[in-house]
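As the structure lists them, so they are numbered: ligands from 1, and atoms in each ligand from 1.
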Amino acid sequence: MAEPAELVIQDLHVSVEGREILKGVNLTVPTGEVHALMGPNGSGKSTLAYTLMGHPKYEVTQGQVLFRGEDLLELEPDERARRGIFLAFQYPTAIPGVSLANFLRMSLKSVTGKEMPILQFRNLVKEKMALLKMDDSFFSRYVNDGFSGGEKKRAEILQMALLQPQIAIMDETDSGLDIDALRTVADGVNALRGPRLGILIITHYQRILNYIKPDHVHVMVDGRIVRSGQQELVEALEARGYDWIISEVQSPQGV
Ligand SMILES: Nc1ncnc2c1ncn2[C@@H]1O[C@H](COP(=O)(O)OP(=O)(O)O)[C@@H](O)[C@H]1O
Ligand SMILES: [Mg+2]
């Protein structure tokens, strides 16, 4: 019997401060696949990520989100994490005095509900760091305190490796990640990708998709997914930008 698809978003409408931003999003991310969500700035990509995270400012007015058949929108954010949903930008900006090690141990506890014995935890971290080709010295550093963009991304990917989510949603926020940070994300995702993990990468630029080859690509314009395809869609966007899609959406063929 087929497993239920991991994440199923159906006719999702979301408003922020009374203004409708998402206007009927349909998207399915099955386990084992990497999907990229692209789109021009302001199209609603981050709104979708925040809604999936359960941010209180984002009001769902219509539609539903199922995670392995369960209504995700009924769950509190921490329950979503416990069900195996990882949101890359849940990473805190700076917690002076909390080491990365302690932060990771706390976040593992909050997801599994159990405190892992310290030795077992250290071994697990070592194993994941080896998988991600990370250097140990990084581990005792304070959470994000003085981390470069690339190091923050490395910490985030390490957190993801430890938590072993069933689905990871990564909003790259288009905040001008430098090439090192991009490579870190891409290498991490490629190391972790596999039959038990679904990944949704949200990005404005096609750049990161030079390093992570998604199985499916979706383009969001004005709160809806208007095109879905594969690598050829990424290439078309790289060559031609978003304007042609926007104008096709505004004046559909045959009209
Ligand atoms: N927290 C918020 N408060 C007010 N407006 C918001 C908020 N989040 C998103 N918006 C608005 O929603 C629209 C979509 O934004 P966003 O989801 O960030 O797009 P994208 O990530 O595709 O660039 C924008 O017009 C933005 O101004
Ligand atoms: Mg965004």
Exercise. Going through the distances and angles, do K153 and E156 end up as a salt bridge (Lys or Arg N to Asp or Glu O under 4.0 Å)?
Worked result: CA-CA 5 Å; K153 284 290 156 191; E156 198 170 270; 2.9 Å; yes
Seminar exercise, completed: Tested for side-chain contact (heavy atoms from CB on, under 4.5 Å) against L27, the lone hit among Q10, M220, H218 is H218
Seminar exercise, completed: Separation between OG1 (T184) and CG (L132), nearest 0.5 Å, reads 10.0 Å
For this session: With atom 5 (N) of ligand 1 as the reference point, say which of L37, N41, V14, V16 has the nearest heavy atom.
Result: V16
Problem set entry | Shortest heavy-atom approach to atom 9 (C) of ligand 1 - which of I202, T203, T47, I21 | T47
Problem set entry | Any donor-acceptor N/O pair, R224 side chain to G24 backbone, under 3.5 Å | no
Problem set entry | Contacts of R193 that satisfy salt bridge (charged side-chain N to carboxylate O under 4.0 Å, His left out) - sequence neighbours left out | D215
Exercise. Measuring from the heavy atoms of R19, does anything fall under 4.0 Å of ligand 1?
Worked result: yes
For this session: Determine, using heavy atoms of G223 and all atoms of ligand 1, whether some pair is separated by less than 4.0 Å.
Result: no
Exercise. Taking the six-membered ring for Trp, are H204 and Y242 parallel (under 30°), tilted (30 to 60°) or perpendicular (over 60°)?
Worked result: tilted
Problem set entry | Between T31 and E6: side-chain donor-acceptor atoms closer than 3.5 Å | yes
Exercise. Does any N/O atom on K45 come nearer than 3.5 Å to any N/O atom on ligand 1?
Worked result: yes
For this session: Could you tell me which atoms of ligand 1, counted from 1 in the order shown, lie closer than 4.0 angstrom to a heavy atom of P40?
Result: 22 (O)
Exercise. Any idea which part of H204 is under 4.0 Å from ligand 1, heavy-atom wise: side chain, backbone, both or neither?
Worked result: neither
Exercise. Is any NZ, NE, NH1 or NH2 atom of the basic residue among E17 and K57 found under 4.0 Å from an Asp or Glu carboxylate oxygen of the other?
Worked result: yes
Exercise. Is there a heavy atom of G39 sitting under 4.0 angstrom from any atom of ligand 1?
Worked result: no
Problem set entry | ligand 1 contact on M220 by region, counting heavy-atom pairs under 4.0 Å | neither
For this session: Would you check whether Y50 reaches within less than 4.0 Å of ligand 1, judged by its heavy atoms?
Result: no
Problem set entry | Metal proximity, T47 vs the Mg ion (ligand 2), N/O/S cut-off 2.8 Å | no
For this session: Ignoring hydrogens, just give me the one of A49, S46, G42 whose non-hydrogen atom is nearest atom 23 (O) of ligand 1.
Result: G42
Exercise. Any N/O of G44 closer than 3.5 Å to an N/O of ligand 1?
Worked result: yes
Seminar exercise, completed: Note: ligand 1 atoms sitting under 4.0 Å from heavy atoms of Y58 are 1 (N), 2 (C), 7 (C), 8 (N)
Seminar exercise, completed: Contacts of E232 meeting salt bridge (charged side-chain N to carboxylate O under 4.0 Å, His left out) (sequence neighbours excluded), chain-then-number -> none
